[in-house]
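This report refers to the structure that appears directly beneath it.
Below, all heavy atoms of this structure are taken into account, side chains as well, without hydrogens, waters or symmetry copies. As the structure is a prediction and not an experimental result, all values here were calculated from the model.
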Amino acid sequence: MNQRRRSAYVPQEIEPKWQKIWADRGVMKAADTSTKPKYYDLVMYPYPSGDLTVGHARNYVMGDILARLKRMQGYEVLHPFGWDAFGLPAENAAMKRGGIHPQTWTIENIAKGKRELKMMGILYDWDREVSSCVPDFYHWTEWLFLLFYKRGLAYRAMSPVNWCPVDKTVLANEQVVNGRCWRHPDVEVEKRDLEQWFFKITDYADRLLDDLALLEKWPTKVRVMQTNWIGRSEGAEVDFPIVGHEGESIRIYTTRPDTLFGATFMVLAPEHPLVEKITIDKQRADVREYVEKARKASEIDRLSTERAKTGINTGAFAVNPVNGEKIPIWIADYVLMTYGTGAIMAVPAHDERDFEFARRFNLPIREVIAPPGGPQRDLSEAFVGPGVMVNSGEFDGLESKVGFDRVIAWLENKGEGKRAIKYRLRDWLISRQRYWGCPIPIIYCEVDGIVPVPAKDLPVLLPEEYKPLSENPDFFKTTCPICGRDARRETDTMDTFVDSSWYFLRYLSPTDTTEPFDPELANYWMPVDQYTGGVEHAILHLLYSRFFIKVLHDAGMLEASEPFMRLFNQGMVKRFGQVMSKSAGNGVSPDELVAKQGADAGRIYEMFIGPPEEDVEWNDAGLNGVVRFLQRVWRLVIEPDSIVVGGSGADPVLLRRKVAQTVKNVTDDYEELRFNTAVAYLMELANAMQDYLQQGGARDESWDHAVRTLVKLLNPIGPHIAEEMWERLGERSMLADAQWPEFDAAAAAEPEVTLVVQVAGKVRDRLSVPAGLSQDQALEKALGSDRVKAALDGGGPSKVIYVQDRLINLVP
RNA sequence: GUCGGCGUGGCGGAACGGCAGACGCGCCGGACUUAGGAUCCGGUGCCCGAGAGGGCAUGGAGGUUCAAAUCCUCUCGCCGACACCA
């Protein structure tokens, strides 16, 4: 019997069987013409690095559970998959492997990854698979670039850009982390002046910010991160005339116009265009030296708040428009050319940075906002809070909040300034000096200038030969579409975040040869109902995708104005304290897992291991618990005879109740992505069923119901074993087609509840009472208890608190 | 520095303000076994107690409440994001 038992559940036999059946029957194919409600279940498409471990698979298992659940619940489910296939790693890997083509490497990895996903029992509609590096896809990335260009949202500009010396390409601001390249945390980014393509995401700053309010089902953390990233601030721009330069003035931006009277000097960024012009002769040499040094200083040094402030006086003066005061103009690198106007008015009494600077260079500090307790006696630090305006002429006595608007009104009236809103967000630099990316479909003609490639000539194909596009005349030599003269193609390619900003639309009509996506289908499927992926994309990818959707919405191509309704960021799987990866040598591959314990055990373990949003530590012993659970389930369902009976009977009503409660708990947990507790409830049910049999419970209708319900509830998370058991139960239809169990509230209700009696907050007795007892009856019961009487110490309760019908609290 | 999040048994972790520690791992004891790293049964927060039972427990200190892991204040520790944005 032991032998028979042990050979009973063999995942290695049943898993390939069902994977084949699902594929043959096209179980996860999404129909575009369906009367069912739709559910678009999206997982972030991965970079095909060839490093797929069970850690990555955890994310896809979550998506798969939802897809299978929603399918059983009667939704038309779209669960597609694809590959973020352009990008640098392919070029680097190709180089390492002696000049093989990035495409070869990429295609190999895609094949490998696909096999491993299937092996884990994760079902996608593979007919819709997309890959950003194939012409069928990047044709439309180019097309979308041209759409942006036509709408004035793509422009070319010379600007100081972030240059990664290792990747030999520019980076978007978002790809610079602490002054270093996002791919190489030990490599400092350099500044270079280059002419590059940008997307004008700043035009959408307000909408990207405001619409965050619509994304209620996004994690607060991600919404906060996006809010901070966009960094909206309200204030005023003010012009300070320059003494001795008739008609010239310096425009500054401030968020505190109410402190204008406290401006005792001005500071320009070293790169500010007026620096050369206004600097007096005596200071010229020193100023030039300072500017030169600042230019060389790396971003990381410059941004360090630890560093003492540096700066230099230009010798020039400006006039404060509110009081006509002459104030000196300084230069300092703590003022950034890339934010605001690149110039500030310094109010040392009410700004920490200005304060520090004034102290260091002995510049005057004048208090113009009095804190609640009245003016400060000693100005030992900047007071940055709100207060009452002082030393501010006609504005004296105003609350700073009121003064804010009054001063702006005054400035606008005099034509000296205006209300202004600034953002931290910068435009998105999309040019990359790389081969393995989507070509930018632009031609430069000496006569006609920047000429977009006509739509009929798309796609601009990457040349087969793997070498820099700018060194490949077969690629860049072309003729002008307008005048026919010799012209040169743009040889930069696009940031791969452009591809990933719209890939989820391509799934909807992946073979469409006339447009990037079918608007009608997009209006059926979009927005995405559930998007699952790593929190590392909380800013870049999600912000860019939101921007794309808004542009497409404005272009009339899409009804949706937000791409993803519900977002979930899953945690990472670690092993030996480190994030699991093949290259780190701590990876567990799907191959190993499936061969040893099976895909189902692996899937369930990955969900049971901890809360889905938390990082978790993989531990091989824990996996055994899940294997035991599956063996127990198998025995209960397939071989209940093998269970030793040691009792004289068990109540089927109790079994039904447990089943009904489990339906509720597991369904809710799956829907809210609380997979760890969903598994716990399934285990509880299996334990209860085992107890039932051991106590001699009848294998009647209630038992049958329990068995079938357990199998169904198990299906999304452990689909192979569930499907096999379903078949062996003699069911004719596939479990994948079965209906999700309905919650039976009546069966789930407890007829008896435990009445917990507290005296002054301490539990004194527990009494089993019928549910729905009136509160007076409950009190009577409670007072009938000797232990309660003893605790009340003779006297009766002076106060009684009832909570639901299960708890009663007596206060002596 | 600023803003978030988190501190619960030996471990991973459960707990609408209402029985703290579900579920699992591990461990202890037992049954069945040639054997057990299979399976089954029982136990397992700490302290006192033979037992019934009692006391103490959710990083620490206060507070609100009949009642706090949960809410508030302070504090310590860990993790994450941002970091001279005027």
Would you mind reading off the distance between [X] atom [atom1] and [N] atom [atom2], rounded to a whole angstrom?
X      : N     : atom1 : atom2 : result
A:I643 : B:A38 : CD1   : C1'   : 15 Å
A:D333 : B:A86 : CG    : C1'   : 14 Å
A:F629 : B:C40 : CZ    : P     : 13 Å
A:N676 : B:A15 : CG    : C1'   : 12 Å
A:L636 : B:U39 : CG    : P     : 13 Å
A:N569 : B:A81 : CG    : P     : 13 Å
A:L542 : B:A81 : CG    : C1'   : 15 Å
A:Q758 : B:C19 : CD    : P     : 8 Å

Given [options], the nucleotide with the shortest approach to the side chain of [X]:
X      : options             : result
A:S233 : B:A86, B:U39, B:G13 : B:A86
A:Y334 : B:U39, B:C84, B:A86 : B:C84
A:R635 : B:A15, B:A86, B:U39 : B:U39
A:T677 : B:C40, B:A81, B:A15 : B:A15

Say we look at [N] and [M]: how far apart would their [atom1] atoms be, to the nearest angstrom?
N     : M     : atom1 : answer
B:A52 : B:U65 : P     : 38 Å
B:A68 : B:G17 : C1'   : 6 Å
B:A14 : B:U64 : C1'   : 27 Å
B:U73 : B:G10 : P     : 31 Å
B:C79 : B:C74 : P     : 23 Å
B:G59 : B:C78 : P     : 16 Å

Any residue meeting side-chain contact (heavy atoms from CB on, under 4.5 Å) with A:R424, in chain and number order, not counting sequence neighbours: A:W229
Step-by-step salt bridge (Lys or Arg N to Asp or Glu O under 4.0 Å) determination, A:E237 to A:R251: CA-CA 6 Å; A:E237 287 184 349; A:R251 171 161 298 183; 3.5 Å; yes
For [N], which nucleotide in any strand shown is its Watson-Crick or wobble partner with both distances under 3.5 Å?
N     : value
B:A31 : B:U39
B:U2  : B:A81
B:G62 : B:C72
B:U44 : B:G26

Exam field: side chain A:Q661 to backbone A:A748, donor-acceptor pair closer than 3.5 Å: yes
Polar side-chain atom of A:N569 near backbone of A:G533 as donor-acceptor pair, under 3.5 Å: yes
Parallel, tilted or perpendicular, as decided by the 30° and 60° cut-offs, for the rings of A:Y253 and A:Y339: perpendicular
Heavy-atom protein contacts under 4.0 Å, nucleotides 23-29 of chain B, coded B base, S sugar-phosphate only, - none: BSSS---
N-glycosidic conformation, B:G9 - syn within 90 degrees of 0, else anti: syn
Lys NZ or Arg CZ of A:K309 over A:F357 ring: under 6.0 Å, within 45°: no
Greater than 12 external heavy atoms within 6.0 Å of A:E352's CD: no
Table please: side-chain donor-acceptor pairs of residues 684-692 of chain A below 3.5 Å, with sequence neighbours left out.
from	atom 1	to	atom 2	distance (Å)
A:E684	OE1	A:K658	NZ	2.9
A:N687	OD1	A:R632	NH1	2.3
A:N687	ND2	A:M683	O	3.4
A:Q690	OE1	A:R632	NE	3.3
A:Y692	OH	A:A698	N	3.2
A:Y692	OH	A:A698	O	2.7

